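In what follows, chains are A, B, ... by sequence order, proteins preceding strands, each numbered from 1. Only a predicted model underlies this, so the values are computations on that prediction, with no experimental measurement involved.
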Amino acid sequence: MEECHTVFGKYEMGRLLGKGTFAKVYYGKQISTGENVAIKVINKEQVRKEGMMEQIKREISVMRLVRHPNVVEIKEVMATKTKIFFVMEYVRGGELFAKISKGKLKEDLARKYFQQLISAVDYCHSRGVSHRDLKPENLLLDEDENLKISDFGLSALPEQLRYDGLLHTQCGTPAYVAPEVLRKKGYDGSKADIWSCGVVLYVLLAGFLPFQHENLMTMYNKVLRAEFEFPPWFSPDSKRLISKILVADPSKRTAISAIARVSWFRKGFSSLSAPDLCQLEKQEDAVTVTVTEEENNSKVPKFFNAFEFISSMSSGFDLSGLFESKRKTATVFTSKCSAAAIVAKIAAAARGLSFRVAEVKDFKIRLQGAAEGRKGRLAVTAEVFEVAPEVAVVEFSKSAGDTLEYAKFCEEDVRPALKDIVWTWQGDATCAANVPACHGEECHKQVVVVSTI
Amino acid sequence: MGCMNSKSVRKFPAREDSLDLAAETAFTVNEVEALFVLFRSISNSIVNDGLLSKEEFQLAIFKNKKKDNIFANRIFDLFDVKKLGVVDFEDFVRSLNVFHPNASLKDKIAFSFRLYDLHNTGFIERPEVKEMLIALLFESDMKLADDVIETILDKTFVEADLKQDGKIDTEEWETFVKRNPSVLKIMTLPYLRDITISFPSFIFNSTNVERVDETSTRL
């Protein structure tokens with residue numbers, strides 16, 4: 001790397017990639033791993049003068065929430081007396097719109113990029129974050145031709161920096177901005193993002209903007225009225241979808257959940273799927289298709305020693321509360337049922353929740369959601385341990401999928417579904433008197449047939 | 001306790017202090033500064049004195065002032081290195097260091113041993129483990145017959161107490177946790193890996209000086 005020097009003993013900083021009023025972006029390398037990074041260096045004094053420090057702080061917190069394969073990741077924040085450093089994922093493929101400057105894209109490729117864009121935007125919205133500034137220079141491609149949204153959460157910074165080392169400004173063009181934003185009234189950021197996604201899709205398929213005019217005021221009016229035409233090569237399905245997105249009234253504009261159901265969008269959609277359960281079964285050498293208590297009775301679950309019991313069940317040894325504003329979702333519970341009965345009950349509950357089930361190992365089962373989540377299908381593992389002959393501990397863990405969806409699954413689905421076999425949840429103080437003893441028919445007659453996958 | 005101490009802690013740590021703490025822990029200077037943002041918020045939740053009391057510690061963990069808990073108390077006691085009944089910022093950082101994903105296994109094993117050595121005898125004795133088990137059952141509203149508790153202890157000590165002398169020494173503990181790594185799960189806090197992103201307001205007050213500041217014409 002020509003003319004490079006070390007920053008904080010952790011990164012080598014090399015060539016300038018781009019610059020703006022407050023910031024410069026450099027190519028960098030993490031010394032310990034050799035990983036390529038982009039380092040954004042912000043001048044503290046200038047930012048302070050503009051009264052933007054609080055905003056930057058808020059934006060860092062926002063970016064922390066956003067960890068998605070189609071969003072440029074912020075890896076670390078560093079600071080000195082005079083500067084702030086954002087260490088970010090380096091995206092080497094350049095801008096998506098460099099591709100379009102060569103002409104429109106084939107429908108399948110345009111769809112792929114749009115799917116990735118929607119997937120990322122939806123994920124961010126689920127975290128309460130809207131971009132508010134989706135435009136060409138924020139859409140990058142990595143070396144595998146996957147789309148990455150940059151500056152999610154840093155859209156408050158006045159100028160977006162491209163990776164080609166040049167400063168690009170939109171000159172106030174309203175090309176990608178939703179009508180309600182132009183009206184300068186209060187607006188819903190997530191609805192405005194959907195509009196911008198619609199404009200992006202149009203540009204990918206057309207090779208030019210939907211609202212274009214050399215006169216800026218005329219252009220404004222076109223946007224405000226959502227006045228545009230389709231080129232003849234647009235397919236009927238893509239036209240139908242764009243017509244639902246580019247609607248001037250945000251309350252009538254389609255939502256991401258509706259976009260995700262459109263057949264044009266779903267075509268070839270491969271979300272960030274969890275590893276297939278079939279593969280998992282092969283890996284784990286387990287092809288058990290039925291979970292029956294009789295079969296399992298001969299085996300004994302792993303012993304959970306006193307220290308494992310204390311450390312997994314005690315909320316006082318869990319220091320995550322120092323870092324979280326809310327207590328985290330409990331994922332461990334005790335039960336007085338037999339391990340086999342617990343496995344059977346979890347399998348039955350999972351099937352009731354449209355999860356596929358595979359017994360992976362003795363008393364360890366893996367569940368996989370049928371529906372695509374924000375990070376692919378949710379995959380959950382539940383393992384039963386024996387503390388004593390009449391006490392079992394059950395640990396749930398997420399194998400794949402979105403953390404928020406997993407927390408919701410544990411809280412809203414698992415807890416109610418398993419309430420008749422749970423003695424206590426970790427961190428809860430439920431009255432033991434209310435917990436049914438697990439001796440009757442309920443626990444002993446269950447034979448659950450698990451779908452072959 | 002000393003008012004001077006508490007006054008100095010309330011201010012953002014001086015560059016030398018951050019450098020010293022960074023030098024003796026797995027944290028960088030900026031991470032130490034970010035930890036100060038966390039420390040300041042939890043140590044001022046009840047009394048604004050820049051020191052972390054047991055009540056403030058419990059409030060931070062449970063979001064509940066009234067919850068007294070033997071396990072949280074135990075961790076607090078180990079954080080309270082100077083045995084003053086409060087934890088200052090330096091001890092907070094040094095203690096949290098053990099929970100860093102990059103901290104050595106040796107340190108994690110040693111800290112976890114002290115965690116269970118309730119009476120500081122240098123051994124984890126059966127009555128101590130029983131005391132903790134009973135506390136856990138009480139905390140969770142679980143009622144277990146005494147013979148069931150004894151069975152759990154028997155099976156645990158058969159595995160851990162290799163010398164069969166009714167107590168676990170540091171050597172036995174090391175062997176035991178290496179065979180049962182899940183015991184050490186609580187000893188790693190992934191949050192510490194991206195602490196600067198979690199508590200970013202340190203950037204306002206950072207006193208860190210780097211070579212990049214001297215080459216500011218280039219940056």
Side-chain angles (χ1 to χ4, degrees), chain A residues 5-10 13 24 26 41 43-44 53 56-57 60-61 63-64 74-85 303 305-327 334 387-391 423-424 426-432, chain B residues 28-30 33-34 38 42 60-63 69-75 99 115-116 129 132-133 136 139-144 148-149 151-153 155-156 159-160 176-177 180 182-183 185-186 189 191 194-198 200-204 206-213 215-216 219:
Chain A
H5 64 252
T6 307
V7 193
F8 297 94
K10 288 175 91 170
M13 199 152 74
K24 294 179 181 178
Y26 294 90
V41 185
N43 186 310
K44 232 194 247 191
M53 286 298 264
I56 286 179
K57 182 185 111 178
I60 298 164
S61 302
M63 287 177 81
R64 175 188 167 227
I74 182 165
K75 293 176 177 293
E76 191 175 358
V77 180
M78 303 180 296
T80 66
K81 269 181 175 170
T82 60
K83 292 186 174 59
I84 300 163
F85 299 78
F303 173 58
N305 63 58
F307 300 105
E308 288 171 314
F309 190 34
I310 291 164
S311 63
S312 67
M313 284 299 290
S314 163
S315 49
F317 275 173
D318 177 10
L319 294 185
S320 61
L322 295 175
F323 307 91
E324 296 282 3
S325 52
K326 291 201 303 250
R327 285 297 290 163
T334 55
V387 177
E390 55 187 81
V391 185
W423 189 10
T424 59
Q426 168 201 32
D428 278 8
T430 42
C431 182
Chain B
T28 64
V29 170
N30 280 163
E33 292 173 332
L38 165 64
I42 62 175
I61 289 178
F62 300 116
K63 318 296 174 214
N69 180 286
I70 179 180
F71 304 104
N73 284 350
R74 186 67 195 136
I75 288 189
F99 293 85
L115 209 50
Y116 292 107
V129 185
M132 285 184 139
L133 264 180
L136 172 67
E139 172 194 314
S140 309
D141 262 344
M142 292 189 279
K143 291 178 180 66
L144 278 185
V148 176
I149 294 171
T151 303
I152 297 169
L153 291 168
K155 287 176 89 169
T156 301
E159 196 184 341
F176 176 72
V177 295
N180 297 275
S182 60
V183 171
K185 241 189 329 198
I186 56 165
L189 290 168
Y191 303 91
D194 56 2
I195 197 81
T196 61
I197 300 173
S198 304
S201 52
F202 79 90
I203 61 175
F204 303 152
S206 180
T207 54
N208 197 10
V209 176
E210 270 286 319
R211 198 161 74 86
V212 284
D213 277 335
T215 58
S216 55
L219 297 185

So for [X], is it side chain, backbone, both, or neither that comes closer than 4.5 Å to the heavy atoms of chain B?
X	result
A:Phe307	both
A:Ile84	side chain
A:Ser312	neither

Checklist line | Set of residues satisfying side chain to side chain contact (heavy atoms under 4.5 Å, CB included) with respect to A:Ser311, sequence neighbours excluded | finding: B:Tyr116, B:Ile186
Next item on the list: Determine whether the aromatic ring centres of A:Phe8 and A:Phe85 lie less than 6.0 Å apart.
Entry: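 Judged by ring-centre distance (under 6.0 Å), A:Phe8 and A:Phe85 do meet the cut-off.
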Item checked: A:Val7 vs A:Tyr26 side-chain heavy atoms within contact, under 4.5 Å -> no
Next item on the list: Under the side-chain contact (heavy atoms from CB on, under 4.5 Å) rule, what do A:Leu322 and B:Ile61 come out as? Steps first, then yes or no, please.
Entry: CA-CA 5 Å; A:Leu322 295 175; B:Ile61 289 178; 4.3 Å; yes
Relative to chain A, which of [options] shows the most heavy atom pairs under 4.5 Å?
options	result
B:Val148, B:Leu189, B:Thr151	B:Leu189
B:Asn73, B:Ile70, B:Asn180	B:Asn180
B:Leu144, B:Ile149, B:Val177	B:Leu144
B:Ile42, B:Ile75, B:Ile195, B:Thr28	B:Ile75

Check: Will you find, in the side chains of A:Thr424 and B:Ser140, an N or O donor that is under 3.5 Å from an N or O acceptor?
Finding: no
Notebook entry, point to check: Between atom OG of A:Ser320 and atom CZ of A:Phe323, what is the distance when rounded to the nearest 0.5 Å?
Noted result: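 Going from OG on A:Ser320 over to CZ on A:Phe323, the span is 8.5 Å.
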Notebook entry, point to check: At a heavy-atom separation under 4.5 Å, does B:Leu136 approach chain A through its side chain, its backbone, both, or neither?
Noted result: side chain
Next item on the list: Pick one of side chain, backbone, both or neither for B:Lys155, based on which atoms fall under 4.5 Å of a heavy atom in chain A.
Entry: both
Next item on the list: Just give me the residue among A:Leu319, A:Val391, A:Thr334, A:Val387 that pairs up with chain B most often, heavy atom to heavy atom, under 4.5 Å.
Entry: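 Maximum pair count with chain B is reached by A:Leu319.
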Checklist line | salt bridge (Lys or Arg N to Asp or Glu O under 4.0 Å) partners for A:Glu76, two or more places apart | finding: A:Lys10
